[in-house]
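For reference, the structure discussed in these notes is given below.
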Amino acid sequence: MERFRIAGEARLEGVVQVAGAKNSVLKLMAAALLAEGTTVLRLVPSILDVTFMAQLLDTLGCSVKVDADAQTATIAVPGDVRHQCDYELVRKLRASISVLGPLLARCGQAEVALPGGDNIGSRGLNMHVAGLEAMGAKVHIEHGFVIAEAPQGLHGAEVWLDFPSVGATETIMMAAVLARGTTIIENAAREPEIQDIAKMLVEMGAQIEGAGSPRIVVTGVTGLLKPVDHTVVADRIVSGSWAFAAAITKGDVTIANGRADHLELPLDKLHKAGAEISVLESGFRVQMKERPKPVDVVTLPYPGFATDLQAFVIALNALSDGAAMVTENLFEGRFTFAQELTRLGAQIQTDGHHAVVRGVPRLSGAPVVASDIRAGAALVLAGLAAEGETLVSAAHHVHRGYTDFAGNLRRLGADVTVEPDDAELYWN
């Protein structure tokens with residue numbers, strides 16, 4: 001186990017480069033299963049979850065080479081793909097469920113252990129299952145595995161999602177590309193990552209219309225898709241994290257390769273908090289000169305305020321000149337972060353889906369524990385704005401979602417190191 005050691009009262013200044021989106025690249029790696037041959041992904045982030053997904057694909061018979069320096073993942077997919085995913089890898093990675101749709105479409109069967117991942121609350125698979133069943137699959141859970149079978153192949157269907165679930169939209173879309181007939185996904189997720197996956201699938205030969213809207217139409221094709229060379233869309237959550245990092249530390253950070261058009265609402269909230277936002281040809285710049293003003297936030301599916309950025313706006317409000325309310329509508333476990341932030345002196349009261357944050361002039365360093373990827377990163381940033389030293393345990397969570405997080409912070413002027421941690425209790 002590792003932890004971050006953070007020296008407080010830092011100001012971030014400089015340029016940080018953003019790689020491809022974690023929430024896209026893992027699904028693109030899974031989508032490569034739909035084509036025999038070698039698919040190349042570019043702008044691949046050097047994160048732990050990419051390593052886990054590469055190992056998972058290896059167990060299915062693929063040969064995956066990840067080159068961190070070149071930011072590429074080369075995935076060689078054989079003609080005969082295994083259909084069972086082992087628990088030991090799946091438990092580390094929520095995105096492992098992404099192989100369910102491609103395996104079912106290609107092999108007519110799939111066995112995927114119930115996934116692990118972040119400790120942020122319930123994220124059931126009901127909509128994944130209902131969508132696949134509407135397309136003719138038989139799905140059940142047995143001995144901790146999701147077992148799906150469609151020996152006669154899948155067929156098109158009209159699927160209504162109760163909620164615009166990103167995972168369910170991806171699973172159904174990837175399964176539908178090889179199904180007989182047309183599949184319509186209503187109330188589909190609209191995230192840029194959905195659009196990126198659809199773009200790659202179309203490059204591979206799939207027929208998909210409407211990605212980025214609430215209605216996606218997939219017309220199945222005969223035979224396997226073809227391998228491609230695809231550049232992953234920039235990570236909007238990492239871009240947003242660095243934007244809040246600039247504001248939290250009263251800094252001046254340019255986010256190279258960041259897409260401001262994917263962050264309209266978060267950047268608007270930062271502007272209302274007092275930050276200066278400049279859109280550049282190669283990204284965008286965030287400057288904060290004064291103590292932030294409080295901003296109310298409600299998390300919603302895209303294009304609403306992303307739940308993955310909720311911890312950062314709480315950290316910003318914790319240092320604001322006033323009080324604000326943050327409402328979490330997606331994952332009930334996200335407020336675990338708020339409890340840890342109070343150890344740094346933040347004044348936060350949570351009640352169900354709501355957190356009232358009263359800003360304080362300064363935080364003070366203390367030992368805290370990361371409960372998920374974004375909570376860990378936000379605690380590190382809060383530590384940068386605190387007096388004294390902060391230790392953030394369970395650093396492995398942050399490694400799952402950020403490329404060289406400590407190194408990038410040092411390049412922006414912070415004193416942050418990663419060191420072994422002998423503590424015995426962690427979030428899983």
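For this chain, numbers begin at 1 and follow the sequence in order.
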Do NZ/NE/NH1/NH2 and the carboxylate oxygens of [X] and [Y] come within less than 4.0 Å?
X: K293; Y: D321; value: no
X: D415; Y: R410; value: no
X: R215; Y: E209; value: no
X: R3; Y: E419; value: yes
X: R374; Y: D372; value: no
X: D296; Y: K269; value: no

[atom1]-[atom2] distance between [X] and [Y], expressed to the nearest 0.5 angstrom:
X: D252; Y: T254; atom1: CG; atom2: OG1; answer: 6.0 Å
X: I314; Y: F244; atom1: CD1; atom2: CZ; answer: 11.0 Å
X: Q195; Y: Y302; atom1: CD; atom2: OH; answer: 6.5 Å
X: S393; Y: M1; atom1: OG; atom2: CE; answer: 9.5 Å
X: T72; Y: D229; atom1: OG1; atom2: CG; answer: 9.5 Å
X: Q310; Y: N329; atom1: CD; atom2: CG; answer: 10.5 Å

Does [X] use its side chain to pair, donor to acceptor, with the backbone of [Y] at less than 3.5 Å?
X: T307; Y: L330; value: no
X: Q71; Y: R42; value: no
X: R285; Y: I255; value: no
X: R343; Y: P367; value: yes
X: T171; Y: A168; value: no
X: D351; Y: H354; value: no
X: N317; Y: A324; value: no
X: D58; Y: V64; value: yes
X: T169; Y: A189; value: yes
X: N408; Y: V16; value: no

- Item | Steps toward side chain to side chain contact (heavy atoms under 4.5 Å, CB included) verdict (I237, K22) | CA-CA 9 Å; I237 302 302; K22 165 189 178 289; over 6 Å; no
Please name the pair of heavy atoms, one in [X] and one in [Y], separated by the smallest distance, quoted to 0.1 Å.
X: A110; Y: L100; value: CB-CD1, 3.8 Å
X: G401; Y: I47; value: C-CG2, 3.6 Å
X: V177; Y: A206; value: CG1-CB, 3.7 Å
X: A414; Y: L384; value: CB-CD2, 3.7 Å
X: A188; Y: P164; value: O-CB, 3.9 Å
X: A311; Y: F337; value: O-CE2, 3.3 Å

Could you check if a side-chain atom of [X] sits within less than 4.5 angstrom of a side-chain atom of [Y], using non-hydrogen atoms only?
X: I216; Y: I184; value: no
X: H128; Y: E170; value: no
X: L154; Y: T183; value: no
X: L316; Y: L270; value: yes
X: C85; Y: L60; value: yes
X: L391; Y: F4; value: no
X: I197; Y: L201; value: yes
X: V66; Y: T51; value: no

Do you see a donor-acceptor pair shorter than 3.5 Å between the side chains of [X] and [Y]?
X: H399; Y: E2; answer: yes
X: T327; Y: H353; answer: no
X: E387; Y: S364; answer: no
X: T342; Y: Q347; answer: no

- Got more than 12 heavy atoms from elsewhere within 6.0 Å of CD, E186?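 Atom CD in E186 is crowded, with more than 12 foreign heavy atoms closer than 6.0 Å.
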- Query: Can you list the steps and then say if L41 with T39 is a side chain to side chain contact (heavy atoms under 4.5 Å, CB included)?
  - Reply: CA-CA 7 Å; L41 301 178; T39 287; 4.2 Å; yes
- Start with the C-alpha distance between I97 and V112, add both sets of side-chain angles, then the distance that settles side chain to side chain contact (heavy atoms under 4.5 Å, CB included), and finish with yes or no. CA-CA 7 Å; I97 199 65; V112 183; 4.2 Å; yes
- Among pairs that include at least one residue of residues 65-81, which meet salt bridge (Lys or Arg N to Asp or Glu O under 4.0 Å), considering only residues two or more places apart or in two chains?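 For residues 65-81: none.
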- Task: For side chain to side chain contact (heavy atoms under 4.5 Å, CB included), just list the numbers for M200 and V228, CA-CA rounded to whole Å, side-chain angles, deciding distance to a tenth of an Å, and then say yes or no.
- Result: CA-CA 8 Å; M200 185 175 112; V228 293; 3.8 Å; yes
- Query: If you look only at pairs with a residue in residues 230-248, which of them pass as a side chain to side chain donor-acceptor pair (under 3.5 Å), with sequence neighbours excluded?
  - Reply: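 Listed once each, the pairs are E193-R236, D196-H230, E203-H230, S241-Y402.
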